[in-house]
2 protein chains.
Amino acid sequence: MNATSTIRPLRKDAARHREQLLAAAVQVFDQHGLDASVTEIARVAGVGIGTLYRRFPSKEALIDTLVHEVLNATIQMARDAATSRDGTGLEKFLMASGAYQAEHVGCLPRLWNTDHEMVKLARRLIARLLLDAKRHHRIRHDLTSTDVALAMFSINGVLEAMHPLAPDAWRRHLDVLIAGMRPAATDLPHRALSPGSLDKVLEMRKSAS
Amino acid sequence: MNATSTIRPLRKDAARHREQLLAAAVQVFDQHGLDASVTEIARVAGVGIGTLYRRFPSKEALIDTLVHEVLNATIQMARDAATSRDGTGLEKFLMASGAYQAEHVGCLPRLWNTDHEMVKLARRLIARLLLDAKRHHRIRHDLTSTDVALAMFSINGVLEAMHPLAPDAWRRHLDVLIAGMRPAATDLPHRALSPGSLDKVLEMRKSAS
DNA sequence: CCCTATACGGAGAGGTCACTCCGTTTAGAC
DNA sequence: GTCTAAACGGAGTGACCTCTCCGTATAGGG
């Protein structure tokens with residue numbers, strides 16, 4: 001998977017610079033958004049632009065690597081959450097992934113645009129968490145995995161709006177949202193999205209990237 | 001307020017072109033985001049770039065005009081919603097402003113960045129809607145106007161993510177969110193944001209523009 | 001119909017950005 | 001210590017974007 005492992009290990013300094021670049025990219029993108037210039041990233045990393053381009057073939061590839069990392073972490077959190085079979089997994093996952101994404105706000109606009117199998121895997125894991133939560137009557141039965149996706153998009157919206165001055169605001173928002181997902185909450189109007197609509201959206205974002 | 005009315009009315013063709021430019025800007029920004037080029041906007045409007053710059057001193061000014069319009073409409077919707085004194089005003093407002101913002105997704109990133117008195121006015125009106133809803137026990141008493149702001153940010157997040165393939169997804173999200181705001185919903189953890197935190201965020205976004 | 005203030009179009013100036021190229025430096029095997 | 005493959009820095013290139021300028025066209029009053 002990783003190009004560095006298939007062919008030849010990077011020289012020690014090169015590997016270090018690669019990590020410095022990734023860390024700098026997270027920081028710079030968080031502060032200035034994805035429009036931040038590669039020059040700024042190289043400066044923060046303490047290397048030249050040439051080094052950045054030797055390690056990543058394009059700015060887009062650098063962003064992809066970052067998104068890949070975030071998605072990977074998200075998947076791991078979904079797996080961790082699935083170990084508690086008491087129906088609280090979904091809530092634990094939303095809390096954990098929200099906290100992680102709050103540290104990677106800069107990458108969020110591209111998070112679900114990737115073609116990768118990882119998106120499908122993440123969605124399968126989330127669907128499983130949802131099922132377990134329903135079984136234990138932690139959430140109402142008419143909710144779909146698309147509703148969970150909407151919850152995550154909405155957290156992104158709060159994160160981007162309140163970043164970085166109120167970095168915990170998303171927790172409050174999620175509290176209200178989860179309260180609305182409980183069976184005890186008042187009845188919802190029948191507006192659940194059709195099953196395939198999220199797929200269409202993700203497909204379209206992928207090709208638009 | 002409007003520069004055209006204080007000094008001299010625009011010539012008829014100029015006024016028409018101005019409206020064409022605004023309409024084209026809404027459409028182009030919706031499709032390509034605020035990074036869309038002014039050349040593209042002028043092309044869609046059917047005028048030259050020179051005309052665009054004679055009508056609006058800069059791209060930023062054009063965006064500001066658009067944001068101004070959206071904010072104005074939002075304030076009007078808040079006023080309309082306040083006429084129903086039965087506690088449903090807040091929900092009506094969230095529905096109406098969501099529907100309107102769904103038609104102006106391109107402007108959303110700047111919606112609350114403006115310095116204008118209008119932002120303060122909008123927040124006062126929303127606070128009044130909130131109070132009325134509490135009085136009629138439509139929503140729980142521990143919610144603050146900051147929570148309503150978070151709800152609006154979260155709708156923006158859903159709109160941006162699902163645009164334009166599932167333009168009604170935000171309604172479903174808002175349904176769940178409002179269910180979580182009802183007094184019947186399960187108790188929330190005590191995580192309400194401090195009263196001034198939203199002010200700080202808006203202040204910061206304003207200066208960052 | 002004429003006249004002129006007003007508006008028009010779009011080439012080009014000036015700046016920024018992503019990305020390349022090459023002379024120089026260095027890690028690390030022997 | 002020597003040597004070479006690997007990595008380094010950053011000036012330079014070309015594309016693209018916002019905004020200006022000026023010769024041309026037109027609305028609309030008299």
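Just so it is clear: chains get the letters A, B, ... in the order the sequence lines come, proteins before strands, and each one is counted from 1.
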Within this structure, what is the [atom1]-to-[atom2] distance between [X] and [N], rounded to whole angstrom?
| X | N | atom1 | atom2 | value |
| --- | --- | --- | --- | --- |
| A:Leu52 | C:dC19 | CG | P | 9 Å |
| B:Leu21 | C:dG9 | CG | C1' | 13 Å |
| B:Glu40 | D:dC17 | CD | P | 10 Å |
| A:Lys59 | D:dA15 | NZ | C1' | 15 Å |
| A:Asp35 | D:dC17 | CG | P | 13 Å |
| A:Gln20 | D:dA7 | CD | C1' | 14 Å |
| B:Ile41 | D:dC17 | CD1 | P | 12 Å |
| B:Tyr53 | C:dA11 | OH | P | 16 Å |

Check: Between the main-chain N or O of A:Leu66 and the side-chain N or O of A:His104, is there a donor-acceptor pair closer than 3.5 Å?
Finding: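 No; judged by distance alone, with no hydrogens or angles, the pair does not exist.
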Side chain of [X]: nearest nucleotide among [options]?
| X | options | value |
| --- | --- | --- |
| B:Val47 | C:dG9, D:dG10, C:dA7 | C:dG9 |
| B:Ser58 | D:dA6, D:dC19, C:dA7 | D:dC19 |
| B:Ile49 | D:dC19, C:dA7, D:dA7 | D:dC19 |
| B:Arg11 | C:dA7, D:dC8, D:dT18 | C:dA7 |

task = Could you walk me through whether B:Trp170 and A:Leu150 pass the side-chain contact (heavy atoms from CB on, under 4.5 Å) test, one step at a time?
result = CA-CA 8 Å; B:Trp170 67 273; A:Leu150 295 184; over 6 Å; no
Just to be sure I understand the rule, does [X] reach a base, reach only the sugar-phosphate, or reach nothing, if contact means heavy atoms closer than 4.0 Å?
| X | result |
| --- | --- |
| A:Ala15 | nothing |
| B:Ala36 | sugar-phosphate |
| A:Arg43 | nothing |

Using a cut-off of strictly less than 4.0 Å, decide whether [X] has a side-chain nitrogen or oxygen near OP1 or OP2 of [N].
| X | N | value |
| --- | --- | --- |
| B:Arg16 | C:dA7 | no |
| B:Arg18 | C:dA7 | no |
| B:Thr51 | C:dG9 | yes |
| B:Arg54 | C:dC8 | yes |
| A:Lys12 | C:dA27 | no |

Note to self: Side chains of B:His68 and B:Thr114: any donor to acceptor distance under 3.5 Å?
What the structure shows: no
Check your understanding: Do we see a donor-acceptor contact under 3.5 Å between the side chains of B:Asp80 and B:Gln76?
Key -> yes
Of A:Pro57 and B:Gly50, the one whose closest nucleotide on DNA chain C sits nearer the 5' end is B:Gly50
Heavy-atom closest pair (A:Ser154 atom, A:His173 atom, distance to 0.1 Å) is OG-NE2, 2.9 Å
Quick one: on DNA chain D, does B:Ser37 or B:Asp13 contact a more 5' nucleotide (nearest heavy atom)?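 Residue closer to the 5' terminus by nearest nucleotide: B:Ser37.
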Q: Go through the steps to decide whether B:Arg16 and B:Glu19 satisfy the test salt bridge (charged side-chain N to carboxylate O under 4.0 Å, His left out), and finish with yes or no.
A: CA-CA 5 Å; B:Arg16 190 180 64 247; B:Glu19 296 310 312; over 6 Å; no
